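Quick notes on the structure that follows.
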Amino acid sequence: MDYLQIQRHTPLEGSIAISGAKNAALPLIAMTLLAKNAVSIGNVPEVVDIKTLLKLLQNLGATYTFDNHCITIDTCCLRNTKATYDIVKTMRASILVLGPLLTRFGHCAVSLPGGCAIGQRPIDLHLKALEKMGATITIKSGYIVAEAPKGLTGAAIVFDKITVTGTANIVMAAALAQGTTTITNAAREPEVVQLCEVLYQSGVAIEGIGSAYLTIHGTNRTLLEMNSFDVIPDRIEAGTYLCAGAITNSTLTLTHVQPKHLETVIAKLEEMGFYCDITDHTITIHPTQTIKPVTIVTQEYPGFPTDMQAQFMALCTQAEGTSTIEERLFENRFMHVSELQRLGADIKLSGHIATITGPSKLSGSDVMATDLRASSALVLAALVAEGETDIHRIYHLDRGYEKLESKFQTLGAIMKRSKE
Ligand code: UD1
């Protein structure tokens, strides 16, 4: 197993290019199950989660090539509709094949994804919506067995809670359904918006793209002709590097970003005293005299993203005063707290609220990565911790950050990957 050795090094300096968004690429790859032609997708990040989904599609019978951030996937000859436990257990987002497989073939079996480090993460809303569209769903031996022999039928779906992959699954299911589906309380994340836009460009009539109320007119199982397209930039990777600039009080420039997708993150950084220069596709963060404390509440887009909560917690350890972070989306997304405390952070937890008092003089130690974003918070803290920090179990980071250590090295950080 690999671990990461990081030495304190401030300030960082320079510029890096942001990769394509993992969370946009995943549904877009699942979406190729709805295509009648081979589909090329550019700007795909070379991270483990993407390779996992490609392996899943290959097991189902798809063929693909993946070179230089471009994937070409052909699902035309796919006949197998069983997504097996060995792959699904490694990545919850595998559930994204459920809607497309069912709507195209009228039957499928997808292993239940199970729990994960950041909470229970049920999929009841996905299943309820598919049932409303006419599917019969049973759980057998750990598998979701879904049947709709005559295909799915459009329905009025009302999500009790906003769900990102749930919205993506139902939009894809509705794309080939018979008749019209409406989704009330749809997720508005940029990754969902891109999925809707690509489907729209492929001939699916969708109204309300980018809003919480979507109307999708299905093609009644006519497969789609899809053109090639590029994945949007990764707003969470960009936010993480902005926090790296902030915690080390550096001037850093990010290129290949979409600043509009980062408005709440940039607003919080500005509240903390940092100045960001923004152009159409770049953001430059500048140092500040004093890092001010903040209050953060995680919310669905366009609110402050839960996927940036851990990184801001690391940053708050260096603010002058007391910050609070309230996690509203996931019940157990504070696994990084105990590891940050090992580095010397002053953090108190009370239910869903963390109170961070700074500035703390952090000192390097051995810490354990627990989930994808928690791991990046440890990387940020390690950049300012005295001495060396060794982060173990970094396979979590490899799931979602492309070339993490070489990007940081470009900025001057002292970071090395070693084997346990
Ligand atoms: C996606 C992102 C993840 C991000 C999260 C919230 C991907 C691959 N992952 O995860 O990085 O942290 O959105 O922005 O895009 N819920 C239910 N029942 C369901 C579905 C969800 O109760 O059927 C609950 C969840 O437990 C959670 C909340 O709804 O409390 C939001 O979850 P959801 O938006 O579905 O997260 P994911 O799509 O899994």
Side-chain angles (χ1 to χ4, degrees), residues 20-31 44-45 47-50 52-53 56 88 90-99 110 112-132 137 139 144 157-173 183 185-196 212 231-232 234-237 239-240 261 264-265 297-312 326-336 352 370-377 396-397 399-401:
K22 165 184 88 75
N23 284 356
L26 291 170
L28 292 166
I29 291 170
M31 182 202 67
V44 180
V47 295
V48 170
D49 273 7
I50 298 295
T52 303
L53 186 58
L56 171 52
V88 176
T90 64
M91 186 182 68
R92 290 187 48 81
S94 308
I95 194 69
L96 283 164
V97 300
L98 176 65
V110 177
L112 278 167
C116 79
I118 66 171
Q120 223 190 350
R121 296 182 85 174
I123 46 152
D124 56 314
L125 301 174
H126 303 231
L127 303 188
K128 239 167 90 181
L130 290 172
E131 281 175 335
K132 192 126 194 243
I137 294 181
I139 305 294
I144 304 156
I157 308 298
V158 180
F159 280 127
D160 293 342
K161 242 181 172 180
I162 298 175
T163 160
V164 175
T165 47
T167 303
N169 235 336
I170 300 311
V171 166
M172 290 189 280
I183 305 178
N185 216 14
R188 289 181 286 160
E189 270 65 3
E191 295 78 16
V192 174
V193 172
Q194 182 172 31
L195 174 72
C196 291
V231 175
I232 57 171
D234 194 318
R235 64 194 166 100
I236 306 302
E237 188 199 19
T240 303
H261 296 164
T264 45
V265 168
V297 179
T298 65
Q299 276 167 339
E300 295 86 2
Y301 192 85
F304 186 91
T306 172
D307 284 353
M308 283 304 304
Q309 179 255 101
Q311 299 89 317
F312 267 78
E326 181 175 349
E327 172 56 53
R328 290 228 180 130
L329 269 72
F330 294 108
E331 79 268 22
N332 190 23
R333 209 173 193 178
F334 280 137
M335 309 274 283
H336 42 287
H352 293 287
T370 49
D371 71 61
L372 175 56
R373 307 305 170 185
S375 322
S376 59
H396 289 291
L397 279 171
R399 285 187 38 218
Y401 286 93

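Keep in mind the model is a prediction, meaning the values are calculated, not measured. Numbering of ligands and ligand atoms starts at 1, following listing order.
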Exercise for review: Taking the side chain as every heavy atom from C-beta outward, state whether Glu327 and Val297 have any pair of such atoms under 4.5 Å apart.
Suggested key: no

Exercise for review: Under the salt bridge (Lys or Arg N to Asp or Glu O under 4.0 Å) rule, collect the residues that match up with Glu189, sequence neighbours excluded.
Suggested key: none

Exercise for review: Report the residues that fulfil salt bridge (Lys or Arg N to Asp or Glu O under 4.0 Å) with Lys128, sequence neighbours left out, ordered by chain and then residue number.
Suggested key: Asp160

Practice item. Could you please spell out the steps behind the side-chain contact (heavy atoms from CB on, under 4.5 Å) verdict for Tyr301 and His261? Key: CA-CA 9 Å; Tyr301 192 85; His261 296 164; 4.0 Å; yes

Check your understanding: At under 4.0 Å between heavy atoms, which part of Thr306 makes contact with ligand 1: side chain, backbone, both or neither?
Key -> side chain

Point to revise | From CG (Leu26) to CG (Asp49), nearest 0.5 Å | key: 6.0 Å

Exercise for review: Check whether any N or O atom of Asp124, backbone or side chain, sits under 3.5 Å from an N or O atom of ligand 1, and answer yes or no.
Suggested key: yes

Point to revise | Nearest candidate to atom 26 (O) of ligand 1, where distance is taken over non-hydrogen atoms, out of Pro113, Pro122, Ala21 | key: Pro122

Point to revise | Proximal candidate to atom 2 (C) of ligand 1 [heavy atom criterion; set Asn23, Val164, Asp160, Ile95] | key: Asn23

**Study point:** Heavy atom of Glu191, distance to ligand 1 below 4.0 Å
**Key:** no

**Study point:** Criterion side-chain hydrogen bond (donor to acceptor under 3.5 Å, both in side chains) against Gln309, the qualifying member of Arg373, His336, Arg333
**Key:** His336

Study note, to complete from the structure: Rounded to the nearest 0.5 angstrom, the OG1-CE distance for Thr264 and Met308 is 9.5 Å

Practice item. Would you mind finding which of Asp307, Leu372, Leu127 brings a heavy atom closest to atom 3 (C) of ligand 1? Key: Asp307

Practice item. Answer yes or no: does an N/O atom from Leu125 fall short of 3.5 Å to an N/O atom of ligand 1? Key: yes

Exercise for review: Would you check whether Ile162 reaches within less than 4.0 Å of ligand 1, judged by its heavy atoms?
Suggested key: yes

**Study point:** Check against side-chain contact (heavy atoms from CB on, under 4.5 Å), Val110 and Ser94
**Key:** CA-CA 8 Å; Val110 177; Ser94 308; 5.7 Å; no

Revision key, fill the gap. Quick look: Met308 vs ligand 1, heavy-atom contacts under 4.0 Å, and the answer is neither

Review point. Which ligand 1 atoms, with their elements, are less than 4.0 angstrom from a heavy-atom of His126?
Key: 23 (O)

Practice item. Taking the side chain as every heavy atom from C-beta outward, state whether Arg235 and Val265 have any pair of such atoms under 4.5 Å apart. Key: no

Exercise for review: Run down the list Leu329, Val192, Leu26, Thr165 and name the one with the heavy atom closest to atom 38 (O) of ligand 1.
Suggested key: Thr165

Review point. So is Arg333 in contact with ligand 1, going by heavy-atom distances below 4.0 Å?
Key: yes

Point to revise | Per-atom contacts, ligand 1 versus Ile123 - under 4.0 Å to a heavy atom | key: 19 (C), 23 (O)

